[in-house]
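Below you'll find the structure, written out as structure tokens, and then a few comments.
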Number of protein chains: 2
Amino acid sequence: MNFAQVRPVVLTEDHTHSACDDCGARTISVCSAIEDRDLAQLSAIAVHRTLEKSRVFIEEGEAASDFFNITAGTVKLFKLLPDGRQQITGFAGPGHFLGLAVADTYAFSAETIEPVRLCRFSRPRLRALMHDFPALETRLLQTACNELATAQEQMLLLGRKTARERVASFLLSRADAAHPCGHPQTELRLPMTRGEIADYLGLTIETVSRVLSRFHADGQITRIATDRIRLTNRAWLENLAAGNLTGA
Amino acid sequence: MNFAQVRPVVLTEDHTHSACDDCGARTISVCSAIEDRDLAQLSAIAVHRTLEKSRVFIEEGEAASDFFNITAGTVKLFKLLPDGRQQITGFAGPGHFLGLAVADTYAFSAETIEPVRLCRFSRPRLRALMHDFPALETRLLQTACNELATAQEQMLLLGRKTARERVASFLLSRADAAHPCGHPQTELRLPMTRGEIADYLGLTIETVSRVLSRFHADGQITRIATDRIRLTNRAWLENLAAGNLTGA
DNA sequence: GGGCTGGGTTGATCGGTATCAATGCCTGAC
DNA sequence: GTCAGGCATTGATACCGATCAACCCAGCCC
């Protein structure tokens with residue numbers, strides 16, 4: 001079968017149509033800085049890939065040759081200590097841009113925690129593109145600032161919040177992560193294991209499990225499945241997460 | 001007295017000479033993106049100020065109207081919980097640029113911990129300057145990436161390191177902060193109190209004090225004064241900070 | 001001088017979370 | 001079907017760092 005016969009119009013007559021056109025993450029990602037008519041240039045330097053679960057595609061200390069944009073699925077970003085202690089610095093979902101926090105080598109590792117689709121840009125090429133489209137650089141700076149604010153919030157969590165406050169904060173951020181622009185959600189999915197939640201919150205598996213059990217017993221949440229939770233008392237969780245319920 | 005008579009040459013004949021020319025922090029700060037001949041434009045929008053100790057000049061949640069560049073002294077950046085718990089997210093010294101991690105409101109507070117000199121830029125004006133000098137925006141993006149990497153390292157510290165590892169990491173970062181480009185230093189100054197060190201490391205005053213006493217007793221450091229320390233066994237501290245001495 | 005205050009150190013005890021351990025549940029292999 | 005392995009939950013106990021408390025010291029005011 002001749003592939004050109006199947007989609008002749010798209011491939012031969014509409015040069016602005018590209019894989020980036022169809023990207024569900026485009027409007028929310030850094031790529032939104034690129035106008036529709038210039039999208040072909042972005043698409044030209046992007047390599048689209050699909051990764052199965054548990055694939056490490058960025059390794060801390062390796063030469064930072066590429067940037068990545070997640071278009072589907074979730075990855076964890078983490079750092080390791082020599083004896084195996086792990087700190088997950090963030091979870092990245094669709095629209096998330098990876099590779100910012102780098103000089104010449106990656107400052108963290110990244111691993112898929114479920115099947116993931118992403119597109120890859122080589123550093124020199126993206127740099128050239130930034131030169132042609134200054135709006136892209138502005139957008140990246142915005143992104144970096146947002147990540148910085150998130151990181152500072154996480155430092156507050158890791159340095160000063162109790163286990164219960166950490167888990168409450170996590171559940172709320174997860175609920176909102178799914179629908180960034182919409183109304184507050186009361187139901188959420190946890191694509192990561194308890195161990196990964198623990199490594200993100202600076203706790204142990206057992207403590208995370210116990211806190212969730214306690215929330216459930218107290219009627220603050222409902223466990224639909226191990227990876228599916230409904231927030232039955234969102235206001236209470238918000239108070240706890242903000243540090244207003246030290247006695248509770 | 002007529003001011004123009006006091007410094008006539010500077011003000012009337014040498015338009016390129018400005019306060020930014022004399023700034024000791026210029027070569028290491030974001031301002032290094034500006035060429036010497038364009039420095040006057042930078043100086044024109046900068047307001048130089050001197051602040052005494054313990055002055056809060058950025059308050060979390062306030063409208064983010066300005067950026068700051070520290071030229072002398074040290075400030076602490078921090079976030080608070082309603083009950084007074086504090087997490088210091090960083091200490092900023094000469095050359096450090098503040099205000100990156102913002103949307104429309106500041107994401108953190110800033111307070112001087114010793115007398116400080118800084119220069120202030122209004123957001124709209126700096127934005128305009130970025131438009132004229134794209135190199136400035138590139139430099140800011142670099143800065144943001146570095147801060148992001150630092151923040152991730154701090155998350156690893158807060159989430160997974162022991163008290164001794166945290167203090168060792170802190171001492172080493174302090175030793176290098178003073179001479180960013182030079183050889184590894186063995187002597188360092190601590191302009192902050194024990195309480196501020198504790199709030200930075202996610203510990204208490206007592207724990208910080210005890211760990212320092214222990215390091216001293218074990219001969220790993222020498223206390224020259226409460227705010228002055230010599231690292232007598234830097235290699236050992238580096239191993240501890242990196243997580244290689246779990247048994248020690 | 002005396003008293004006061006803020007910062008630092010050190011000791012005794014407490015408690016929140018880690019650690020160790022057992023069990024249950026689900027899924028995939030065969 | 002059975003078995004094995006990974007993940008989650010729950011209980012018993014241990015321990016690191018927090019808390020409570022006492023004391024020291026230097027600087028400052030009077």
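All values derive from a computational prediction rather than experimental measurement. Numbered from 1 within each chain, the chains take letters A, B, ... in sequence-line order.
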Whole-Å distance separating the CD1 atom of B/Ile205 from the P atom of C/dG8: 7 Å

Please report the distance, rounded to the nearest Å, between CG in A/Leu158 and P in C/dT17. 13 Å

Rounded interatomic separation in angstrom, taking NZ from B/Lys161 and P from D/dC16: 19 Å

Go through it in stages, so that I can follow the logic: the residues are A/Gln86 and A/Lys76, the test is side chain to side chain donor-acceptor pair (under 3.5 Å), and I'd like the CA-CA distance, side-chain angles, deciding distance and then a yes or no. CA-CA 11 Å; A/Gln86 176 177 140; A/Lys76 65 173 178 182; 3.2 Å; yes

To the nearest angstrom, the CZ-P distance between A/Arg214 and C/dT17 comes to 12 Å

Would you please say whether a donor-acceptor pair under 3.5 Å links the side chains of B/Ser109 and B/Lys79? no

Which whole-number value in Å describes the distance from A/Leu201 CG to C/dG16 C1'? 16 Å

Whole-Å distance separating the CD1 atom of B/Ile197 from the C1' atom of C/dG7: 12 Å

With no angle test and no hydrogens, is the base of C/dT19 tied to the side chain of A/Arg210 by a donor-acceptor pair under 3.5 Å? yes

Please determine, for the side chain of A/Ser213, which listed nucleotide (C/dT10, D/dG17, D/dT10) has the closest atom? D/dT10

Of all the nucleotides listed (D/dT9, C/dA18, C/dG11), which has the minimum atom distance to the side chain of B/Glu206? C/dG11

Once the angle between the rings of B/Phe121 and B/Phe97 is folded into 0 to 90°, is it parallel (under 30°), tilted (30 to 60°) or perpendicular (over 60°)? tilted

Separation of D/dT9 atom P from A/Phe215 atom CZ, nearest Å, is 14 Å

Measure the spacing between OG1 of B/Thr186 and CG of B/Leu172 and express it to the nearest 0.5 Å. 11.5 Å

Start at the 5' end of DNA chain D and walk down; is the nucleotide closest to B/Gly202 or to A/Thr226 reached first? A/Thr226

Name the nucleic acid region contacted by A/Arg223, choosing base, sugar-phosphate or nothing; use a 4.0 angstrom heavy-atom cut-off, strictly under. sugar-phosphate

From CD of B/Glu196 over to P of C/dG6, roughly how many Å is that when rounded to an integer? 15 Å

Less than 4.0 angstrom between a side-chain N/O of B/Thr207 and OP1 or OP2 of D/dG17, yes or no? no

Rounded to the nearest 0.5 Å, what's the gap from OH on B/Tyr106 to CZ on B/Phe57? Could you check? 9.0 Å

What contact category does A/Leu212 fall into here, base, sugar-phosphate, or nothing, at under 4.0 angstrom with non-hydrogen atoms? nothing

Side chain of A/Thr193 only, heavy atoms from C-beta on: which candidate in D/dC7, D/dG17, C/dT10 is closest? D/dC7

